[in-house]
There are 2 protein chains.
Amino acid sequence: MTDLDISIDRSSPIPLYHQVASAFDKAIREGVLPPETKLENEISLAKRYNLSRPTMRQAMDRLVRDGLVVRRRGVGTQVIGPPVRRNLRLSSLYNDLQDEGSAPQTRVLTIETVTAPEPIREKLGLSEGSEVYHLRRLRLVDGRPLALMENWLPVTLAQLTRKDLEADGLYNLLRRAGVDFRMAHQRVGADVADEEQASQLKAETGSALVVMERTALDSSGAPIECGRHVYRADRYAFDITLMN
Amino acid sequence: MTDLDISIDRSSPIPLYHQVASAFDKAIREGVLPPETKLENEISLAKRYNLSRPTMRQAMDRLVRDGLVVRRRGVGTQVIGPPVRRNLRLSSLYNDLQDEGSAPQTRVLTIETVTAPEPIREKLGLSEGSEVYHLRRLRLVDGRPLALMENWLPVTLAQLTRKDLEADGLYNLLRRAGVDFRMAHQRVGADVADEEQASQLKAETGSALVVMERTALDSSGAPIECGRHVYRADRYAFDITLMN
DNA sequence: TATGACAGTTTGTCATGACATTTAGAAGAA
DNA sequence: TTCTTCTAAATGTCATGACAAACTGTCATA
């Protein structure tokens with residue numbers, strides 16, 4: 001049972017429940033409220049912070065949903081522990097590498113506009129004869145090849161140049177062009193490197209590659225982009241956390 | 001704008017907000033409320049179903065969190081569409097295959113208890129000299145080999161026999177023994193098949209394998225089990241949906 | 001015709017109040 | 001000593017009421 005000192009600014013535009021939830025979130029992350037700590041009951045917490053009980057509950061709802069605390073009827077509320085990093089957000093290799101503190105580099109191997117080949121046309125839900133960008137790029141980290149990336153997207157989405165693509169990640173460019181990413185269907189499998197892949201990735205022909213295929217959708221559910229990326233298996237894998 | 005007929009049973013132990021949310025959930029899944037349908041405002045919905053507005057909001061909160069509807073202040077509430085299958089639940093290959101309508105079979109190659117090797121001891125957070133089960137199994141579907149699975153778990157968790165393991169999935173056996181799964185950290189990569197793997201999986205030596213490593217934790221955060229599974233890449237891949 | 005202001009609409013936030021359900025511990029009975 | 005019942009504590013559900021913030025559409029003015 002711990003008393004947590006929180007300063008609540010009632011003149012702030014930030015909702016009260018959000019201020020309280022954030023303060024508890026921070027205290028849990030920083031270990032001020034360690035796992036298994038029993039929190040005061042809702043009624044007394046609400047009194048302590050001079051809030052109504054539903055407002056206090058709303059703050060706790062947030063923490064429960066974030067997996068930081070557990071509530072049991074008749075018992076009380078207890079800290080579970082710091083949040084689990086699940087890797088479920090729609091991101092890009094470029095952004096992921098940046099988040100890790102790496103400096104991703106891109107070499108554009110192909111940038112062309114073509115009439116969408118049949119499987120691409122289907123994946124992107126385009127009509128016959130639609131034009132798409134066909135991109136092939138090599139991604140390097142610290143000067144070392146990591147992935148070969150092939151992507152297809154409608155030309156109507158954005159104007160892309162070699163220079164753009166070598167300066168920033170594709171998803172960043174699309175976002176800047178107003179594309180509204182909502183979700184992506186992703187499949188992770190494996191393959192072995194052929195001669196060209198091995199050459200580009202500075203690996204042995206026949207070595208293992210992690211293969212990721214993805215179709216990204218915007219908020220109306222329309223496909224934006226599809227692609228196939230292959231990564232050196234000795235340098236990359238996909239981490240995720242599954243929950244019950 | 002659509003009127004949805006809902007029967008609410010006020011004598012039922014099921015909370016009112018849950019009954020309403022379920023009815024809307026069902027209507028959205030079944031296309032009765034198709035994507036982009038504008039729902040009535042909260043106040044009039046609450047009146048229609050003879051509920052208080054916070055109760056109606058609580059039902060809508062559920063739908064918003066499940067990604068079925070979107071709410072905009074000043075505008076109203078709109079159906080997004082049926083839920084997206086994200087594959088984020090902690091499951092097992094056995095259960096996944098069953099869910100797909102397949103009949104998984106298991107051949108036990110190794111079942112032994114050993115003193116935990118150092119990397120396993122660390123992964124499972126065990127003390128020096130602890131005994132663990134070491135399991136190696138072949139999983140087949142329709143008589144065709146799909147995956148080679150190696151798992152390690154403390155002997156204190158359950159009594160496992162060859163017969164048990166060939167009759168049911170490991171996770172099912174552990175659940176039946178009272179193990180409380182909470183989450184698992186999973187990594188998906190790639191490798192190439194050595195001679196033994198190729199032989200067991202009826203594949204070519206040097207062919208691509210999808211590699212999944214996982215450590216499962218119980219609800220107290222203690223590691224339960226860790227394992228490394230390799231799958232024929234031509235037969236299996238990991239599908240997931242990422243959201244923004 | 002275009003822009004800005006205003007009004008109406010809808011969701012978001014917050015409060016007070018009350019009852020129901022579940023849990024754990026204590027007390028009583030066998 | 002063990003089992004059952006009861007009580008207190010805590011969360012879960014639900015209601016009424018009120019104000020704030022964001023959005024859209026309409027109207028007036030330049």
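Values reported hereafter were calculated over all heavy atoms of this structure, with side chains retained and with hydrogens, waters and symmetry mates removed. First the proteins, then the strands, lettered A, B, ... as listed; each starts at 1.
Distance A:L45 CG to D:dG12 C1': 16 Å, rounded to the nearest Å. Between B:R71 atom CZ and D:dA21 atom P there is a gap of 19 Å when expressed in whole angstrom units. Distance B:N41 CG to C:dG12 P: 12 Å, rounded to the nearest Å. As rounded to whole Å, 7 Å separates atom P of D:dG12 from atom CZ of A:R73. Remark: P of C:dG12 and CZ of B:R65 are 13 Å apart, rounded to the nearest angstrom. D:dA10 atom P lies 14 Å from atom CE of A:M60, rounded to whole Å. Atom-to-atom, CG of B:D61 to C1' of D:dT13 comes out at 14 Å; the value is rounded to the nearest Å. Between A:Q78 atom CD and C:dA24 atom C1' there is a gap of 14 Å when expressed in whole angstrom units.
Taking 4.0 angstrom as the limit, B:T77 places a side-chain polar atom (N or O) nearer than this to OP1 or OP2 of C:dT11. For C:dT13, the OP1/OP2 oxygens have a side-chain nitrogen or oxygen of A:Y17 closer than 4.0 Å. Dashed line: the shortest gap from a side-chain N or O of A:R10 to OP1 or OP2 of C:dA15 is under 4.0 Å.
By the 6.0 Å and 45° rule, B:R139 does not stack over the aromatic ring of B:Y94. B:Y17 does not carry B:R62 over the face of its six-membered ring by the limits of under 6.0 Å from the centre and within 45° of the normal.
Among the protein residues, A:L16 comes within range of the sugar-phosphate backbone only, with heavy atoms under 4.0 Å from sugar or phosphate atoms but none that close to a base.
For DNA chain C, the neighbouring residues in residues 49-57 of chain B, judged by any heavy atom under 4.0 Å, are B:R53, B:R57.
Within 6.0 Å of atom CG in B:D5, 12 or fewer heavy atoms from other residues, nucleotides or ligands are found, so the atom counts as exposed in its surroundings. Sparse packing is recorded around CZ of A:R72, with 12 or fewer heavy atoms of other residues, nucleotides or ligands lying under 6.0 Å away.
A donor-acceptor distance shorter than 3.5 angstrom exists from the side chain of B:T37 to the backbone of B:P34, with no hydrogens or angles considered.
Using a cutoff of 4.0 Å between basic side-chain nitrogens and carboxylate oxygens, A:E150 and A:R228 are not scored as salt-bridged.
None of B:R48, B:R57, B:R73, B:K47 except one satisfies the salt bridge (Lys or Arg N to Asp or Glu O under 4.0 Å) rule with B:E42; the exception is B:R57.
The 5' end of DNA chain C is approached more closely, in terms of each residue's nearest nucleotide, by A:Q58 than by the other of A:G74 and A:Q58.
In the set C:dT23, D:dT11, D:dT24, D:dT24 carries the atom at the smallest distance from any side-chain atom of B:V75.
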